[in-house]
Enquirer: 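Quick one: structure below, then a few questions.
The first residue of the sequence shown is numbered 1, and numbering continues consecutively from there.
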Amino acid sequence: MHLVDRFGRAITDLRISITDRCNYKCVYCRSGNEGAIYGDLPFPEYLRIVRLFASAGIKKVRVTGGEPLLRKGVIEFVRELSRLRTLDDQSLDIAVTTNGHLLEEMARPLKNAGLRRVTVSMDAVDPEGFARITRVPTGFAHVLAGIRAARRADLDPVKINCVLMRGFNDDQIVPFGKFAREEGVVVRFIEFMPLEEGRVWSPDIVVPLDEILQRMASYRRLVEVPHESSETARRYRFEDGVGEIGIIAPVSHPFCGHCSRVRVTSDGKIRTCLFSVWDHDLRGLMRRGASDGELMEFIRNAVSRKEERHHIGEPSFVSPSRTMVHIGG
């Protein structure tokens with residue numbers, strides 16, 4: 001029986017964090033004062049969790065962190081994931097979100113293990129701006145090499161996620177448009193959300209979808225192309241057909257009504273929304289010796305409590321109980 005929440009949304013996408021650690025300290029994500037807070041599970045427990053979700057209709061699995069490529073054994077983990085089957089006896093669609101620092105050497109082994117796609121978080125396309133955001137002085141060259149290695153390994157489409165913040169890196173809109181065309185990658189701009197450790201979010205910092213389109217038009221006009229209703233990004237191509245841009249706009253154009261995702265944190269907690277104020281302790285149940293049937297009942301109950309929508313910018317908004325780095329993208 002497929003996972004469906006109380007609002008009739010089919011849950012087909014699982015994002016699972018395999019570590020709380022990260023080798024970057026991006027200013028919009030981390031204050032720099034906190035490192036890893038939550039522990040990791042052994043890979044067999046993550047595999048058990050994914051197997052159970054797959055048996056209930058999950059088709060896509062995204063491996064996240066922290067920085068997932070820091071976790072020793074991640075390539076073999078992807079290989080084990082690739083052996084799992086969906087309800088209709090297909091292979092899972094396996095992807096990874098990474099900062100790209102370690103990707104150059106790992107792209108081909110990950111592809112050979114069964115990885116289909118990779119998304120790289122990258123918030124500037126010049127070394128100086130990149131170092132200012134990540135607080136890693138030599139990171140840009142590593143990430144660019146990783147992106148190119150992913151393309152050579154046919155981890156297509158390679159997607160680049162850029163979180164835009166007004167007055168900080170919104171001057172990167174047009175440079176990223178050029179980067180998408182020159183490097184053959186899909187660049188996706190993300191509206192800044194209140195998920196950072198420093199809790200400095202305000203509506204004024206957000207660069208909304210309509211403004212991104214307007215500012216990109218000073219370089220080349222974008223034309224919207226069809227996308228699946230459950231996709232987080234609105235998709236656009238440049239008018240000459242070269243290069244794709246996506247815009248993920250949860251603040252100005254929420255897509256909660258079509259959400260198909262749930263998350264599992266590195267320490268085994270189910271989170272049904274990025275902005276959940278509670279989580280569901282799957283790990284604790286596993287450690288107490290729960291059967292697969294008991295775990296599946298727990299998963300279905302958690303999904304049934306999935307929030308209808310977020311409340312960003314509303315007076316009733318309550319900050320989520322974890323920040324992004326400790327949830328897993």
Enquirer: How far does CD1 of Ile205 sit from CZ of Phe168, to the nearest 0.5 angstrom?
Expert: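 With rounding to 0.5 Å, CD1 (Ile205) is 10.5 Å from CZ (Phe168).
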Enquirer: Just checking, any donor-acceptor pair under 3.5 angstrom between side chains of Thr19 and Glu67?
Expert: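 There is no such pair between these side chains.
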Enquirer: Check the pair Asp170 / Arg215 against side chain to side chain contact (heavy atoms under 4.5 Å, CB included), numbers first and verdict last.
Expert: CA-CA 10 Å; Asp170 57 324; Arg215 292 171 68 173; 3.1 Å; yes
Enquirer: Less than 4.5 Å apart, side chain to side chain, heavy atoms only: is that true for Ser91 and Arg116?
Expert: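 In contact.
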Enquirer: Is Lys111 atom NZ crowded by more than 12 heavy atoms from other residues, nucleotides or ligands, each under 6.0 Å away?
Expert: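 Enclosed: over 12 neighbouring heavy atoms sit under 6.0 Å from NZ of Lys111.
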Enquirer: Find the distance between CG (Asn161) and CG (Asn99) and round it off to the nearest 0.5 Å.
Expert: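 Answer for the CG-CG pair, Asn161 versus Asn99, is 12.0 Å.
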Enquirer: State whether the side chain of Asn169 and the backbone N or O of Val163 hold a donor-acceptor pair below 3.5 Å, judged by distance alone.
Expert: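 Side chain of Asn169 to backbone of Val163, a donor-acceptor pair under 3.5 Å: yes, one is there.
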Enquirer: State, to 0.1 Å, how close Ala302 and His280 come at their nearest heavy-atom pair, and which atoms those are.
Expert: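 Shortest heavy-atom separation between Ala302 and His280 comes out as CB-CG, 3.7 Å.
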Enquirer: Hydrophobic clusters here meaning ILVMFWY residues chained together by side-chain heavy-atom distances under 4.5 Å, can you tell me if Ile160 and Met216 are in one?
Expert: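 Yes, same cluster.
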Enquirer: In terms of heavy-atom contacts, does CD of Glu297 have more than 12 from other residues, nucleotides or ligands at under 6.0 Å?
Expert: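 Atom CD in Glu297 is not crowded, with 12 or fewer foreign heavy atoms closer than 6.0 Å.
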Enquirer: Is the backbone N or O of Val206 less than 3.5 Å from a side-chain atom of Arg166, with the two atoms forming a donor-acceptor pair by type?
Expert: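 Looks like yes, one N/O pair under 3.5 Å.
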Enquirer: I need the single residue from Thr97, Ile16, Leu102, Val63 that forms a side chain to side chain contact (heavy atoms under 4.5 Å, CB included) with Pro68. Which is it?
Expert: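 When Thr97, Ile16, Leu102, Val63 are each tested with Pro68, the side chain to side chain contact (heavy atoms under 4.5 Å, CB included) holds only for Val63.
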Enquirer: At what distance, to the nearest 0.5 angstrom, does CZ of Arg188 lie from OH of Tyr236?
Expert: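 Nearest 0.5 Å value for the CZ-OH distance: 13.5 Å.
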Enquirer: Could you walk me through whether Glu239 and Arg220 pass the salt bridge (charged side-chain N to carboxylate O under 4.0 Å, His left out) test, one step at a time?
Expert: CA-CA 7 Å; Glu239 59 185 345; Arg220 283 181 181 270; 5.5 Å; no
Enquirer: How long is the straight-line distance from CE of Met286 back to CG of Asp281, given to the nearest 0.5 Å?
Expert: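 So the CG of Asp281 and the CE of Met286 are separated by 10.5 Å.
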Enquirer: Pair Ser276, Glu307 - check side chain to side chain contact (heavy atoms under 4.5 Å, CB included), show working.
Expert: CA-CA 8 Å; Ser276 294; Glu307 298 84 344; 2.8 Å; yes
Enquirer: Is the shortest heavy-atom distance from the side chain of Asp126 to the side chain of Arg132 under 4.5 Å?
Expert: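 The answer is no, as the side chains (C-beta and beyond) never meet within the 4.5 Å cut-off.
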Enquirer: Hey, are the side chains of Glu191 and Leu209 touching, using non-hydrogen atoms and a 4.5 Å cut-off?
Expert: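 A side-chain contact exists here, since the closest heavy-atom pair is under 4.5 Å.
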Enquirer: Would you compute the distance between atom CZ of Arg181 and atom CZ of Arg237 and round it to the nearest 0.5 angstrom?
Expert: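 So the CZ of Arg181 and the CZ of Arg237 are separated by 9.5 Å.
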Enquirer: Hey, does Cys22 have a side-chain heavy atom less than 4.5 Å from the side chain of His101?
Expert: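 Sidechains of Cys22 and His101: no contact.
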Enquirer: So, Arg108 side chain and Arg152 main chain: donor-acceptor pair closer than 3.5 Å or not?
Expert: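 Looks like yes, one N/O pair under 3.5 Å.
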Enquirer: For atom CD of Glu224, is the number of surrounding heavy atoms from other residues, nucleotides or ligands below 6.0 Å larger than 12?
Expert: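 Count over threshold, so yes.
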Enquirer: Indicate whether the side chain of Arg261 and that of Thr232 have a donor and an acceptor atom separated by less than 3.5 Å.
Expert: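 Distance-only check fails for Arg261 and Thr232.
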Enquirer: Under 4.5 Å between side-chain heavy atoms, counting indirect links through other Ile/Leu/Val/Met/Phe/Trp/Tyr residues: same cluster for Leu92 and Ile11 or not?
Expert: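 Yes: a chain of side-chain contacts under 4.5 Å links Leu92 to Ile11.
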Enquirer: Is Val4 linked to Ile58 within one hydrophobic cluster, defined over Ile, Leu, Val, Met, Phe, Trp and Tyr using a side-chain heavy-atom separation of less than 4.5 Å?
Expert: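 No, Val4 and Ile58 fall in different hydrophobic clusters.
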Enquirer: Find out whether Arg287 and Leu41 are in side-chain contact, i.e. whether some heavy atom of one side chain is under 4.5 Å from a heavy atom of the other.
Expert: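 With C-beta onward as the side chain, the pair touches.
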Enquirer: What pair of heavy atoms forms the shortest contact from Arg300 to Ala56, and how long is it?
Expert: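 In terms of heavy atoms, the two residues are closest at NH2-CB, 3.9 Å.
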Enquirer: Check the pair Arg48 / Glu45 against salt bridge (charged side-chain N to carboxylate O under 4.0 Å, His left out), numbers first and verdict last.
Expert: CA-CA 5 Å; Arg48 186 185 182 191; Glu45 292 189 347; over 6 Å; no
Enquirer: Arg288 and Glu294: salt bridge (charged side-chain N to carboxylate O under 4.0 Å, His left out), yes or no, with the steps?
Expert: CA-CA 11 Å; Arg288 292 192 294 273; Glu294 290 168 328; over 6 Å; no
Enquirer: Phe43: which residues meet the ring pair (Phe, Tyr, Trp, His ring centres under 6.0 Å) condition with it, sequence neighbours left out?
Expert: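 Phe43 satisfies ring pair (Phe, Tyr, Trp, His ring centres under 6.0 Å) with Phe77 once adjacent residues are dropped.
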Enquirer: Do the side-chain N and O atoms of Thr265 and Arg271 include a donor-acceptor pair separated by under 3.5 angstrom?
Expert: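 Arg271 and Thr265 do not have a side-chain donor-acceptor pair below 3.5 Å.
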Enquirer: Before giving the answer on salt bridge (charged side-chain N to carboxylate O under 4.0 Å, His left out), spell out for Glu183 and Arg151 the whole-Å C-alpha distance, their side-chain angles and the decisive distance to 0.1 Å.
Expert: CA-CA 9 Å; Glu183 296 290 337; Arg151 289 215 64 215; over 6 Å; no
Enquirer: Can any side-chain N or O of Ser82 pair as donor or acceptor with the backbone N or O of Ala113 at less than 3.5 Å?
Expert: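 Checked: pair present.
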Enquirer: Locate the shortest heavy-atom distance separating Cys162 from Asp123; write the atom from each residue and the value.
Expert: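 Smallest interatomic distance, heavy atoms only, reads CA-OD1, 3.3 Å.
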Enquirer: Closest heavy-atom contact between Arg62 and Val96?
Expert: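 Scanning both residues, the minimum pair turns out to be NH1-O, 3.4 Å.
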Enquirer: Please indicate whether Glu105 has more than 12 foreign heavy atoms, meaning atoms of other residues, nucleotides or ligands, lying under 6.0 Å from its CD.
Expert: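 No, not enclosed.
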Enquirer: Is it the case that one hydrophobic cluster holds both Ile247 and Tyr219, taking links as side-chain heavy atoms less than 4.5 Å apart, direct or via other members?
Expert: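 Yes.
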Enquirer: Which is it for Ile212 and Phe176 under the side chain to side chain contact (heavy atoms under 4.5 Å, CB included) test, yes or no, and what are the steps along the way?
Expert: CA-CA 11 Å; Ile212 296 169; Phe176 263 117; over 6 Å; no
Enquirer: How long is the straight-line distance from CG of Leu69 back to CD1 of Ile18, given to the nearest 0.5 Å?
Expert: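 One gets 7.5 Å once the value is rounded to the nearest 0.5 Å.
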Enquirer: For Lys306 and Phe7, work out which heavy atoms get closest and say how close.
Expert: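 Heavy-atom minimum between the residues: O-CE1, 3.4 Å.
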Enquirer: Among the clusters formed by ILVMFWY side chains lying less than 4.5 Å apart, do Leu81 and Tyr46 turn up in the same one?
Expert: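 Shared cluster, yes.
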Enquirer: Got Val136 and Asn23 here, is their nearest side-chain heavy-atom distance under 4.5 Å?
Expert: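 No, their side chains stay 4.5 Å or more apart.
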Enquirer: Mind listing the closest non-hydrogen atom pair of Asp40 and Asp20 along with its distance?
Expert: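 Heavy-atom minimum between the residues: OD1-N, 3.7 Å.
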Enquirer: Go through the steps to decide whether Ile248 and Phe189 satisfy the test side chain to side chain contact (heavy atoms under 4.5 Å, CB included), and finish with yes or no.
Expert: CA-CA 6 Å; Ile248 300 174; Phe189 296 113; over 6 Å; no
Enquirer: Could you tell me whether the side chain of Thr98 reaches within less than 4.5 Å of the side chain of Val120, counting heavy atoms only?
Expert: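 A side-chain contact under 4.5 Å exists here.
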Enquirer: Should Ile147 and Phe179 count as side-chain neighbours, where that means a heavy-atom distance under 4.5 Å?
Expert: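 Result yes, sub-4.5 Å side-chain heavy-atom pair found.
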